[in-house]
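Values below: every heavy atom of this structure, side chains too, minus hydrogens, waters and symmetry copies. Sequence lines set the chain letters: A, B, ... in the order given, protein chains first and strands last, and positions in each chain run from 1.
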Amino acid sequence: MSGYDDIPFFDDDDPALRKPPAPNHKTGSPAEGGIAARAMAARDQHRVPDYLSGLNPEQREAVETLDGPVLVLAGAGTGKTRVLTTRIAHILATGRAFPSQILAVTFTNKAAREMKERIGLLVGGAVEGMPWLGTFHSIGVKLLRRHAELAGLRSDFTILDTDDVVRLIKQIIQAEGLDDKRWPAKQFAGMIDGWKNKGLDPAQIPEGDARAFANGKGRELYTAYQNRLKTLNACDFGDLLLHPIRILRSHPDILREYHQKFRYILVDEYQDTNTAQYMWLRLLAQRSPSSRAGTADGEQVSGSWPGDVSPASAQAGAGRRDAAVSASQKPQINICCVGDDDQSIYGWRGAEVDNILRFEKDFPGAKVIKLERNYRSTAHILGAAGHLIAHNEDRLGKTLFTDRHDPEDGKVIVHAAWDSEEEARAIGEAIESLQRPDRDGKRHNLNDMAILVRASFQMREFEDRFVTLGLNYRVIGGPRFYERLEIRDAMAYFRLVCQPADDLAFERIVNTPKRGLGDTTIRNLHDYARARDIPMLAAAGDIIETDELKPKARKALFDVVADFKRWSALLENTPHTELAEKILDESGYTAMWQNDKSAEAPGRLDNLKELIRSMEQFESLRGFLEHVSLVMDAEQNEDLDAVSIMTLHSAKGLEFETVFLPGWEEGLFPHQRALDEGGRSGLEEERRLAYVGITRAKRNCHIWFVSNRRIHGLWQSTIPSRFLDELPEAHVEVAETEQSYGGYGGRGGYGQSRFDKQEPFQNAYSTPGWRRAQANKTDATRDNWGNRSGHAIERIGYGESGPRARTIEGELVAKSTTTEPSRFSVGDRVFHLKFGNGNISAIEGNKLTIDFDRAGQKRVLDGFVQPV
DNA sequence: CAGATTGCCCTTTTT
DNA sequence: GGGCAATCTG
């Protein structure tokens, strides 16, 4: 907890900042050949550290344009991180600012860590860290801890994770007397998150949103939630941004302090910022001369929020006051945002691509620098990706290029498979053969290969396959360490010791391990606490003095209260790892797992040990708790040579020699839901995802699609993704048929005519599946893309489960689909694309149970069989 | 209170 | 179909 106050604030009189301005190395040197020029060059050579020498002209411009707002549009593989870190190094090396005067924000801890490391390398470790380099959230916490009381919190507030939030909301919904089945807490948590992403207080949410939940009680519930957080002395992730925004808006003096402090602001992945983050940045970047001079005017300018979203007004104000302020104090918004609009793939969690598209308007006079020289991929890969992304309308427009033109480089290869099983098998074989040493004895490391999927359910098939092949793989982005049950339990103990008001932690562990404190006791206690408006642990302390509880429960609760009293007393003067172990032992938590004879118990004990071990590097229990709530990634075993399997989303920022992109089928990729809910912009985001996927590849990129995929347990026939048609012929080739097509149709030839004229995949489509898809194009029930399978997904999801229908229309749809007489009857003989011929043995709505001659009994949708 | 059963969801994920 | 969580039942 300590450490926040000892960061000094430097003012403009800092001697270090009065050094002569650094030479300005603009692109292009002074008149070539002249003596002066050569002398300058020599001097520069002498003065300019190595770190600038390896940069290309655009990168160098991005590094050296230190004054005024800068937007660096950095395409995939163009050296974005390098620019960012070199820019910081440059600021430091030229003495323009101290490390503590640079605010550098990233989205992930990983990115922040990487940046710190690389700056350390550049500056030679001379820099004592950068206190204000971190994620939006970690910097938010830092600000909030300093000024917590202004947000109605104590500085030791707890940060709740999503799970806690959902449990809390559930309690609130129940407390309001609402049915928590009809109004799921999880859904409401999502809504709150959405509002917070937009920077909205309960009072500011749109009326429609407020009505949409719990019979119009949305706003009340949101308010109740915020109040509850306050009494719990807790924050959710959104608050880590919103509280600081509120504080900075309503306390101009504090805002001024930060304006004076932060000379340079750098933002990574700007395309991923949401509205709240944008507001936060704008507040901090909005330096007005008066705020530096400390006049009352400054309060006016910075206090004019929220109406003042447009920086134009700040600029106008700046201009007006310029005369009154000495020239050396000319205001400067030294903000540098780095991002790539083509890689904006987080719209669904509140990111506003518009922030980056609007940058020049937001920051008049901004310098926009495009980095388009790619150092990662082959010309074919860039060509394919570039042609694909050009189909998007909402973009600033960049075209990546490379100097690398090796005739050996292969094109992007499109493969077809019969079903997902074959897809996994074929990719497995491809990986094995790549891994085998070639004639020269060289082999392709598994670490250099990745399978990037759209949705995580696709991973399973690959895992299964690789297990049978004995091929090493690692899944990136699975459940995390901190999310495990035992870790969360242990953390709840620690939290409660540090923060006795943490009712969520209390409720989690009062009866874990079992202490005979069942539902009745807890409810009792809960009501008691609520009635007196005190924390549950305190209530427990009180209630054991009364005779409200049965003796057995009373005794158990007495022990719990005594335990926590004892542990809390040890908090200040016991080494925290020791205390943590003590807590787990004395509470009986360790014993609980030792006595558990289930298969996973030993693993859980290991995890607990690991938890204690990872605590060692922290100063205190509190420090550790904060780390876990914000920095939640578990490290992977880097030593193992293994193929990576991950989603396209988690692949952003990574690169691999060889990339496999399976599942390019309509409905899956682009995902049907993105299409349904996001319309054109949803489609564009999917396309950017495809772009991200392709540009991960350095040398080889293999795209796959299948004709049949099992979705929600039902086999569905699928058609190739439209994105395949958007790839340029010049950079893509279609793989020769490697497989026989499951005994059906025989040829399955995806020949060279793939990109001929209007009808791509012509040969492939001479199958019944294709013919049916064609027929569906005239079907009134098809979706916009003639995608019957997508339509079917929707029916399974909503139509059939009548009770889930929430709207009148929904109910009508549900009724009409379930009561509609099937066009089949029991006993009919039908043909199915994958399973062949069979007889219908049962019909439920549009789901048929069919006894297939060869494949046995299966349940399939009626859309996928034809009468024979 | 534990084991059995039913119900529900099923895109992407950070902090 | 399958995984998980809430709910039921002995």
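- Ring-to-base geometry places A:W348 in a stacked arrangement with B:dT12 (centre distance under 5.5 Å, plane angle under 30°).
- Atoms CZ (A:R673) and P (B:dC9) sit 10 Å apart, rounded to a whole Å.
- At a threshold of 4.0 angstrom between heavy atoms, the contacts of A:R460 are confined to the sugar-phosphate backbone, with no base atom among them.
- Minimum atom distance to the side chain of A:F237 is reached by B:dT15, of the listed C:dT7, B:dT15, C:dG1.
- With the nearest nucleotide of DNA chain B identified for both A:T162 and A:K514, A:K514 has the one nearer the 5' end.
- B:dT12 has no base stacking with the ring of A:H649 when judged by centroids under 5.5 angstrom apart and an interplanar angle below 30°.
- Of the two residues near DNA chain B, A:S138 and A:I345, the one whose nearest nucleotide lies more 5' is A:I345.
- Using a 4.5 Å cut-off on side-chain heavy atoms (C-beta onward), A:F213 and A:L178 make no contact.
- The shortest side-chain heavy-atom distance between A:L229 and A:C235 does not fall under the 4.5 Å cut-off.
- When each of A:E665, A:E461, A:R460 is paired with A:S420, the side chain to side chain contact (heavy atoms under 4.5 Å, CB included) condition holds for A:E461 and for no other.
- Using a 30° and 60° split on the angle between ring planes, A:Y589 and A:W593 fall in the perpendicular class, above 60°.
- Taking every side-chain heavy atom of A:H712 into account, B:dC10 is the closest of C:dA6, B:dC10, B:dT15.
- Closest to the A:T108 side chain, of the nucleotides C:dT7, B:dT11, B:dT15, is B:dT15.
- Taking the side chain of A:T647 as heavy atoms from C-beta on, and the options B:dT12, B:dA2, B:dT11, the nearest nucleotide is B:dT12.
- For the pair A:K186 and C:dA5, the criterion of a side-chain N or O lying under 4.0 Å from OP1 or OP2 is not met.
- No contact: A:G238 has no heavy atom under 4.0 Å from any strand.
- Below the 3.5 angstrom threshold, one finds a donor paired with an acceptor across the side chain of A:R454 and the base of B:dT12.
- Distance from the side chain of A:S456 is smallest for B:dT11 among the nucleotides B:dT11, B:dA2, C:dG1.
- A straight line from CD1 of A:I476 to C1' of B:dT12 spans 16 Å, rounded to a whole angstrom.
- Each of A:N274, A:D236, A:T275 was checked for a side-chain hydrogen bond (donor to acceptor under 3.5 Å, both in side chains) with A:K196, and the lone residue meeting it is A:D236.
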